[in-house]
S.K.: 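Okay, here's the structure, questions in a sec.
The basis for the numbers below is simple: all heavy atoms, side chains too, and nothing from hydrogens, waters or symmetry mates.
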Amino acid sequence: MENETTNITGAEALMRSLEHQGVKTLFGYPGGSIMPVFDALYDHRDTLDHILVRHEQGAVHAAQGFARVSGQTGVCLVTSGPGATNTITGIADAMIDSTPIVVIAGQVGTGFLGTDAFQEVDLVGITQPITKWSYQIRRAEDVAWAVARAFYIAGSGRPGPVVLDFAKNAQVEKADYKPMKLDYIRSYVPVPDTDPYTIEQAASLINEARRPLVLVGQGVELGHAQQELRAFIEKAGLPAGCTLMGLSALPTEHPLNVGMLGMHGNLGPNINTNKCDVLIAVGMRFDDRVTGNVETYARQAKIIHFDIDPAEINKNVKADVAVLGNCKDTLAAVTAQLRPASHQEWLDSFRPYEEVEDEKVIQPELHPRGEILSMGEVVRAVSEATGNEAVLVTDVGQNQMMAARYFKFTRERSIVTSGGLGTMGFSLPAAIGATFGRPGRTVCAFMGDGGLQMNLQELGTVMERQAPVKMILLNNNYLGNVRQWQAMFFNRRYSFTPMLNPDYMQIAAAYGIPSRRVSAREELQEAIEEMLAVKGPFLLEACVAEEGNVLPMTPPGGSVNQMLLEC
């Protein structure tokens, strides 16, 4: 029956096409130009679970959170005009962070295109630079083809967002429908061929290396290559540092994991980046937050770059050997040619930096003097209370960096954060999506008082669906990250960074969400246990030091090995 052709409306064809792609969950908000689709959705409520968000930006971030933890393509459904333009930030975020989502937006009928009709906007034109593919469906007979193409493009190769702009006439017109899936598009090469010679070159360089260092990016998670990564580093005794997006690709306590890379990363991997003799980047794009000043970055090292996207090769840092392909395959191929090795003396060279950082930064953060809570101690306490097995979702700012530094990971696909775009307001809707993407896991969303207020309305979605998000608000009454930069580089001129905040307990109560405010250290553990004991959502407001700083820090424009340990 699945291959049988039937004559149905374009809106009904969309519903059946989504089901054919395996979609069970979508996030959206109805409106005039998408109303026929929502009418069709009414008859598919048993198979398609639509989560009504409170703002279209929330729909995209929720789809992102769903995709990141599940490995599936996230879907959101919105109307035209402002409904469509409200998705732009999330689409751009998904593009730079390689998150597979399909955004389906209503559009005015084709007869009104170009007339400045009510809620008409050129969504294809707007989104072409920030999507893998953006297409306008003008005919009902094109629906199955467009949906199949959209899901194939979004989820294959280097994942990313796709936009379908669905004209209203195509939603209501009838056409013959036949289910369709694609696994090939002419001229689209999602996974480039791997040159066997580059495998040999990479293995040779690693076999001869005395001070090798692996940089683990999100590509390891996207390529489902976590086990291949471990086999790779363990066979040759390779120390490995992780980017922000790649933190959960390798367990925090793995003996070869030397910590986080980047501006607020750990001292050892950053300093030793400029001391290693072979630098092995796996599924990462040499972002400026990782490299610092590229003119002084790893100049002494031979660089091997594993990546699925040829556009990333030599874009920011020149590679001596570029190994193209899915790292699940390429890592295994190189590992087969590696000699078993141990670089214990080199690995031991990270320890003195760990000791210095522990003494000057980590212990003061985890065990601060005085009565005021620190951000780091709250993060670590929550992580440990979950057995270090929770999904971490962060907003952007100090809460993000503190969470990345002090949360621990034991399971893959366990960090959801806005890396490349740095979107404040990301955490709450993304965490909602994560609870639907991995319903059996605890989802802890850390946020600052600034970020929470950017998408505060999504508490309504939490309330309606009882999404079991554990919201941890690190409230310092500042836009903390900007304030830190103002303190360090602008003579403490706190220009519009102090925040006058509402009573979050009353806001939570208005949404029927259990909550608790904690400011005393002796109450912290009990409050966390209370939060985790609640089956549904919970808001824990931790009143933390107002002028706490995230350290170490590479100053903007500085070299990666010039990290500040104090302000």
S.K.: Can you name the salt bridge (Lys or Arg N to Asp or Glu O under 4.0 Å) partners of Asp49, sequence neighbours left out?
M.R.: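 Asp49: salt bridge (Lys or Arg N to Asp or Glu O under 4.0 Å) contacts with Arg465.
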
S.K.: Of the options Val379, Thr394, Asn388, Ile415, which is the one that meets Phe407 in a side-chain contact (heavy atoms from CB on, under 4.5 Å)?
M.R.: Val379

S.K.: Distance-only criterion, 3.5 Å: show the donor-acceptor pairs between side-chain atoms of residues 223-231 and protein atoms not counting sequence neighbours.
M.R.:
{"unit_1": "Gln226", "atom_1": "NE2", "unit_2": "Glu221", "atom_2": "OE1", "d": "2.7"}
{"unit_1": "Glu228", "atom_1": "OE1", "unit_2": "Lys328", "atom_2": "NZ", "d": "3.4"}
{"unit_1": "Glu228", "atom_1": "OE2", "unit_2": "Lys328", "atom_2": "NZ", "d": "3.0"}

S.K.: Would you give the length of the straight line joining atom SG of Cys76 to atom CD1 of Ile104, rounded to the nearest 0.5 angstrom?
M.R.: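 Answer for the SG-CD1 pair, Cys76 versus Ile104, is 8.0 Å.
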
S.K.: For His264, check ring-ring contact (aromatic ring centres under 6.0 Å, His included) against everything at least two apart and list the hits.
M.R.: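 For His264, no residue satisfies ring-ring contact (aromatic ring centres under 6.0 Å, His included) once neighbours in sequence are set aside.
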
S.K.: Crowded around Lys360 NZ? As in, over 12 foreign heavy atoms under 6.0 Å?
M.R.: no

S.K.: My understanding is that only residues two or more places apart in sequence, or in another chain, count here; which of them pass salt bridge (Lys or Arg N to Asp or Glu O under 4.0 Å) with Asp287?
M.R.: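 Counting only residues at least two positions away or on another chain, Asp287 forms a salt bridge (Lys or Arg N to Asp or Glu O under 4.0 Å) with Arg285.
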
S.K.: Sequence neighbours excluded, which residues qualify as side-chain contact (heavy atoms from CB on, under 4.5 Å) partners of Val78?
M.R.: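 Glu56, Thr87, Ala105.
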
S.K.: Within this structure, what is the CZ-CD1 distance for the pair Phe232 and Ile280, rounded to the nearest 0.5 Å?
M.R.: 4.5 Å

S.K.: Got a sec, which residues hit salt bridge (Lys or Arg N to Asp or Glu O under 4.0 Å) with Glu208, two or more places apart in sequence or on another chain?
M.R.: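 Applying salt bridge (Lys or Arg N to Asp or Glu O under 4.0 Å) to Glu208 gives Arg339.
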
S.K.: So which pairs with a foot in residues 288-300 pass side-chain hydrogen bond (donor to acceptor under 3.5 Å, both in side chains), sequence neighbours left out?
M.R.: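 Only Thr296-Ser559 qualify under side-chain hydrogen bond (donor to acceptor under 3.5 Å, both in side chains).
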
S.K.: What is the distance from atom CD of Glu458 to atom CZ of Phe27, rounded to the nearest 0.5 Å?
M.R.: 10.5 Å

S.K.: Not counting sequence neighbours, which residues clear ring-ring contact (aromatic ring centres under 6.0 Å, His included) with Phe426? List them please.
M.R.: His61

S.K.: May I have all residue pairs that pass salt bridge (Lys or Arg N to Asp or Glu O under 4.0 Å) and include part of residues 421-432, sequence neighbours excluded?
M.R.: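 The answer is none; no pair qualifies.
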
S.K.: Could I get the full list of side-chain contact (heavy atoms from CB on, under 4.5 Å) partners for Pro239, not counting sequence neighbours?
M.R.: Leu213, Val258, Trp346, Leu347, Phe350

S.K.: Taking salt bridge (Lys or Arg N to Asp or Glu O under 4.0 Å) as the cut-off, I'd like each qualifying pair that reaches into residues 380-395, sequence neighbours left out, listed once.
M.R.: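 Sorted result for residues 380-395: empty, none.
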
S.K.: Can you name the residues that form a salt bridge (Lys or Arg N to Asp or Glu O under 4.0 Å) with Glu345, not counting sequence neighbours?
M.R.: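 By the salt bridge (Lys or Arg N to Asp or Glu O under 4.0 Å) rule, Glu345 matches no residue at all.
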
S.K.: At what distance, to the nearest 0.5 angstrom, does CG of Asn549 lie from OG of Ser374?
M.R.: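 Here the rounded value is 12.0 Å.
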
S.K.: Are Glu19 and Arg16 within salt-bridge range, i.e. N to O under 4.0 Å?
M.R.: no

